[in-house]
Amino acid sequence: MAAEGLMISRVALLRLAIIASTLLFWEALAESGLLFRDVVPSLFKIAHALGHLGANADFYANLSATAVEVGVSLAIGGSVGVAVGLLLGGSRLMGRAFEPYIHYLGPTPKIIFFPVMIMWFGIGPGSKIAMGAISCFFPVALITAAGMRQIDQVLIRVGRSFRASTWQMVTKIYFPALRHPLLNGLRLGFGVSVIGVLLAETKLSNRGLGFMVMQSYSQFDMPGMYALLLVVFSLAIMVNSLVSQLGGLEVPNH
Amino acid sequence: MATPVLRVENIVKRFVTGSASITAVDHVSFTVAQGEVLAIIGPSGCGKSTLFNVIGGLAGSDEGRVIVEGRTLSGPDPAIGMVFQEESTFPWRTVADNVAFPLEVAGVARTERLKRVHHYLELVGLKGFEQHHPAQLSGGMRQRVAIARTLAFGPKVLLMDEPFAALDEQTRLLLGDKVLQIQQALAQTTLLITHSIAEAVQLSDRVLVMTYRPGRVKRIVDIKLPRPRTAEIIGSKDFGLYVAEIWNDLRDEASLGMKDAEAKLPQAE
Ligand SMILES: Nc1ncnc2c1ncn2[C@@H]1O[C@H](COP(=O)(O)OP(=O)(O)OP(=O)(O)O)[C@@H](O)[C@H]1O
Ligand SMILES: [Mg+2]
């Protein structure tokens with residue numbers, strides 16, 4: 001046990017060392033003047049920009065625009081993904097007929113759909129939500145379908161023998177049995193819908209964090225840009241650990 | 001015997017795999033009377049589980065009917081409660097919620113549900129474990145949860161497919177005793193599918209011996225041992241005689257099954 005504790009504290013120490021040396025290297029690079037003005041801005045400048053962001057009402061408006069886009073795209077892409085996954089995983093025929101498409105479309109860069117989405121939904125939040133939803137749909141559908149095939153078949157037979165309706169089967173057996181894949185799907189889906197939304201915002205938009213990043217870039221406000229990236233990065237980590245915690249509240253499996 | 005509760009008539013079930021068609025169950029008929037325990041015994045692969053699924057309504061049959069109290073069944077029915085060979089408790093539900101499952105599905109009100117859950121958990125000797133999850137219990141306890149859950153469904157006929165198969169010998173004997181007690185307390189009409197001759201003789205009023213492929217009824221043996229029974233009966237002379245008699249019937253079928261299994265193995269030099 002003591003050795004275990006020592007191990008953990010060593011790991012923590014190493015991690016701290018990695019962060020510290022990265023920051024030091026960054027600062028040294030910034031101070032060296034080797035690179036063009038502000039490509040690698042000093043940490044102090046970034047901290048300053050962060051402070052600015054926090055006092056900027058515009059930032060909160062853009063943040064909430066992006067948050068809403070991600071939330072809605074996750075809800076749409078996630079629920080369609082779960083429904084399609086249930087269907088593909090539940091029916092051998094449907095799975096064999098349709099899954100290859102999803103499998104091969106899944107890893108293609110979704111940004112190629114963006115021009116089409118702009119035509120359909122305009123340059124406002126609609127096209128961003130569409131991009132996030134498309135990105136999120138594929139991993140969620142695939143993970144749900146795979147999870148469906150792993151369900152212990154005897155549990156399905158138990159449900160049928162007690163005359164559970166289709167709705168009861170879904171809510172009382174399929175969903176709880178799929179809790180791990182569904183949480184995983186949620187986590188992955190969240191990650192890719194953030195990517196989809198932000199990417200779309202950087203391409204063509206008039207609000208959102210992605211838009212702000214591009215704005216800072218076009219004004220060559222590098223400290224401001226890095227500050228934004230830091231914010232996006234920390235928010236993503238926060239939400240991810242929140243979802244993981246949701247998974248941590250699980251009862252053990254036998 | 002009294003009027004039959006369960007009447008199984010001329011069940012035929014075939015499986016088609018590619019070009020070949022095998023008859024798993026071939027014109028099987030029998031009845032089970034109110035409060036009676038009928039054991040079905042036969043070698044591995046003789047069609048016991050197939051018959052189990054047909055009677056439980058989880059699989060259709062090619063011919064024949066399953067009748068409970070004069071009513072021909074189609075599909076899963078409240079009159080039949082199934083206990084499966086495999087581990088079948090819901091791992092995400094507590095013991096109490098597992099037993100409550102069929103009641104929730106049937107829309108039984110909460111207070112009534114709690115009452116019945118309590119009753120059946122007490123019956124199977126799991127009082128005090130209501131809030132445990134299946135992973136925290138032993139295999140024998142989990143199988144008792146599954147039995148309580150099926151009893152809570154309130155079936156006319158309790159249908160069990162090798163319910164003790166996954167358990168070790170001692171647990172199996174103890175659980176057999178428990179099932180016997182419960183069956184006697186409830187006068188529960190029971191159909192027990194088993195591999196074990198001793199289990200069949202210990203628990204049942206009649207033993208139906210099946211043939212190996214196609215699965216037919218070879219013989220039905222009346223077990224005239226006194227009731228109420230306990231595990232002590234295993235030591236008696238009559239018990240031994242019944243076991244020997246059934247083994248006599250079963251031996252040919254079992255060796256047929258074994259030859260089949262050996263034929264499937266890759267040949268040595
Ligand atoms: N879905 C199926 N498709 C094709 N053949 C099947 C199917 N289910 C069962 N069989 C075949 O039917 C026969 C009877 O199988 P069944 O599972 O009913 O036997 P069993 O008596 O329950 O065996 P065990 O004692 O090993 O559980 C076997 O030969 C099996 O291979
Ligand atoms: Mg079987």
Side-chain angles (χ1 to χ4, degrees), chain A residues 78 82 85-86 89-93 95-96 140 143-187 242-254, chain B residues 49 52-53 55-59 73-95 97-108 131-139 141-143 145-146 149-155 157-161 166:
Chain A
V82 167
L86 288 178
S91 149
R92 178 106 54 98
L93 176 70
R96 290 184 57 174
V140 170
I143 288 179
T144 309
M148 278 291 281
R149 298 203 186 90
Q150 307 250 308
I151 294 182
D152 202 346
Q153 284 307 303
V154 73
L155 301 183
I156 309 296
R157 301 206 292 147
V158 168
R160 289 218 293 134
S161 80
F162 290 138
R163 297 161 53 82
S165 64
T166 307
W167 177 246
Q168 287 170 326
M169 291 295 289
V170 169
T171 56
K172 288 180 191 292
I173 296 181
Y174 285 110
F175 274 156
L178 285 171
R179 64 210 182 284
H180 296 298
L182 285 177
L183 269 174
N184 268 334
L186 184 65
R187 196 157 45 200
L242 221 75
V243 176
S244 302
Q245 226 141 63
L246 224 69
L249 296 176
E250 261 309 312
V251 295
N253 234 323
H254 62 228
Chain B
S49 293
F52 171 80
N53 286 325
I55 296 172
L58 293 183
L73 308 187
S74 58
D77 196 279
I80 308 263
M82 305 173 83
V83 175
F84 296 86
Q85 172 172 352
E86 305 93 329
E87 189 76 67
S88 71
T89 52
F90 299 117
W92 58 85
R93 282 181 171 242
T94 61
V95 166
D97 288 344
N98 258 287
V99 178
F101 181 86
L103 304 171
E104 277 174 32
V105 165
V108 174
Q131 297 315 314
H132 285 59
H133 278 94
Q136 299 166 289
L137 307 180
S138 69
M141 289 162 95
R142 282 202 287 271
Q143 199 56 308
V145 174
R149 181 176 63 185
T150 299
L151 289 173
F153 188 50
V157 179
L158 177 63
L159 182 57
M160 300 196 277
D161 187 8

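Within every chain, numbering begins at 1; the chains are lettered A, B, ... in the order of the sequence lines, protein sequences first and strands thereafter.
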Could you report the tightest heavy-atom contact between [X] and [Y], atom names first, then the distance?
X         : Y         : result
Thr89(B)  : Leu155(A) : O-CD2, 3.6 Å
Val158(A) : Ser88(B)  : CG2-CB, 3.8 Å
Leu58(B)  : Arg157(A) : CD1-CB, 3.9 Å
Trp92(B)  : Lys172(A) : CZ2-O, 3.5 Å

Checking Arg163(A) side chain against Ala106(B) main chain: does a donor-acceptor pair fall under 3.5 Å?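 It does not hold such a pair.
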When heavy-atom pairs shorter than 4.5 Å are enumerated against chain A, which of Gly56(B), Pro102(B), Ala146(B) gives the highest number? Pro102(B)
Might you work through the side chain to side chain contact (heavy atoms under 4.5 Å, CB included) test for Ser161(A) and Phe84(B), ending with a clear yes or no? CA-CA 10 Å; Ser161(A) 80; Phe84(B) 296 86; 4.1 Å; yes
At what distance, to the nearest 0.5 angstrom, does CD of Glu87(B) lie from CG of Asp152(A)?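 Answer for the CD-CG pair, Glu87(B) versus Asp152(A), is 8.5 Å.
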Side chain, backbone, both or neither: which part of [X] has a non-hydrogen atom closer than 4.5 Å to chain A?
X         : value
Pro78(B)  : both
Thr94(B)  : neither
Glu104(B) : both

